[in-house]
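I have placed the structure first, in the form of structure tokens, so that the comments after it can refer back to it.
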Amino acid sequence: EAGVVQSPRYKIIEKKQPVAFWCNPISGHNTLYWYLQNLGQGPELLIRYENEEAVDDSQLPKDRFSAERLKGVDSTLKIQPAELGDSAVYLCASSPGTKETQYFGPGTRLLVL
Amino acid sequence: GDSVTQMEGPVTLSEEAFLTINCTYTATGYPSLFWYVQYPGEGLQLLLKATKADDKGSNKGFEATYRKETTSFHLEKGSVQVSDSAVYFCALSGLNSNYQLIWGAGTKLIIKP
């Protein structure tokens, strides 16, 4: 069974530029998560989807971050404009349902210069 | 609210040594407990889990037992290898956290040949 797929794996951009990350969850997983992980720390939840509905986006900085999961399968996370402090690893995870085990993708490592 | 406390790292051991990484938690009810591992430059991988008291999770020679009486979920391995060098995260998920993962700070493990 294929795992969670994320692209790109690495991205280097200049500040104030836009950037987008893509995630394809494990087939059949209804719940999708986006996390931010700073160096040496645990993941921080940005947004959680149940199918195509964002059910928890309380930690998403909505002034510059946006996300979508239009058909309830793959998802895109966007930052516009990026700031230096956005440099981090962006992780996507999925689970069959909210109460079930989460499986993570390899992450996208973002560097903002 | 619910929380997870892990022993601070880095933990440095020689190959074939016995490993223990302590994890204790605070939670109401009966959360599920997890250990995730993150190898350098990679995403988080589920290592093992336990969903009820006295359950033992095991994988790749690692074990952890859900101890309700001591609110602990310590990770152990009898003989570590250089390839076990990684960051290990303890986490819980339960009703009180709306089934979102509550993470420990992570423990970096360094195995020397």
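Small disclaimer: the values here were computed from a predicted structure and weren't measured. So you know, we letter chains A, B, ... as the sequences are listed, proteins then strands, and number each from 1.
Note that CD of B:E42 is 7.0 Å distant from CZ of A:R9, once rounded to the nearest 0.5 Å.
A:L46 and B:I102 are assigned to two separate hydrophobic clusters, defined by single-linkage of ILVMFWY side chains at heavy-atom distances under 4.5 Å. Both B:M7 and B:Y66 are part of a single hydrophobic cluster, where members link through side-chain heavy atoms under 4.5 Å apart. Residue B:I110 is not grouped with residue B:Y88 when hydrophobic side chains (ILVMFWY) are merged at heavy-atom distances under 4.5 angstrom, including chains of intermediate members. Linking Ile, Leu, Val, Met, Phe, Trp and Tyr residues whenever their side-chain heavy atoms come within less than 4.5 Å places B:W35 and B:I111 in a single cluster. Side-chain heavy atoms closer than 4.5 Å link hydrophobic residues (I, L, V, M, F, W, Y) into clusters, and following such links, possibly through other members, connects A:L32 to A:I47.
For a residue to count as touching a neighbouring chain, one of its non-hydrogen atoms must lie under 4.5 Å from one of that chain's; by this rule A:Q6 does not touch chain B. Of the atoms belonging to A:Q102, heavy atoms from both backbone and side chain fall under 4.5 Å from chain B.
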* Working for side chain to side chain contact (heavy atoms under 4.5 Å, CB included), residues B:Q38 and A:V89 -> CA-CA 12 Å; B:Q38 189 169 34; A:V89 177; 5.6 Å; no
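Taking all atoms of both residues into account, the shortest heavy-atom contact from B:F89 to A:Q41 is CZ-O, 3.6 Å. Closest of all the heavy-atom pairs between A:L91 and B:G43 is CD2-CA, 4.1 Å. Of all heavy-atom pairs spanning B:Q100 and A:Y33, the tightest one is OE1-CE2, 3.2 Å.
Under a cut-off of 6.0 angstrom, the local environment of CD in B:E69 is crowded, with over 12 non-hydrogen atoms contributed by other residues, nucleotides or ligands. The neighbour count for A:Q59 CD, taken as heavy atoms of other residues, nucleotides or ligands under 6.0 Å away, does not exceed 12. The local environment of CG in A:L113 is crowded, with over 12 non-hydrogen atoms from other residues, nucleotides or ligands closer than 6.0 Å. For CD of B:E16, the number of neighbouring non-hydrogen atoms (other residues, nucleotides, ligands) closer than 6.0 Å is 12 at most. Few gaps surround NZ on B:K68; more than 12 heavy atoms of other groups in view lie less than 6.0 Å from it. Remark: B:Q81 CD is packed, more than 12 non-hydrogen atoms of other residues, nucleotides or ligands lying under 6.0 Å away.
Of the residues listed (B:L46, B:L101, B:T51), the one engaging A:T101 in a side-chain contact (heavy atoms from CB on, under 4.5 Å) is B:L46, and it is the only one. Under the ring-ring contact (aromatic ring centres under 6.0 Å, His included) rule, A:F104 has a single partner from B:Y36, B:Y39, B:F34, which is B:Y36.
Among A:G42, A:G40, A:G107, the residue making the largest number of heavy-atom pairs under 4.5 Å with chain B is A:G42.
Residues of residues 69-81 of chain A lying within less than 4.5 angstrom of chain B, judged on heavy atoms, are absent.
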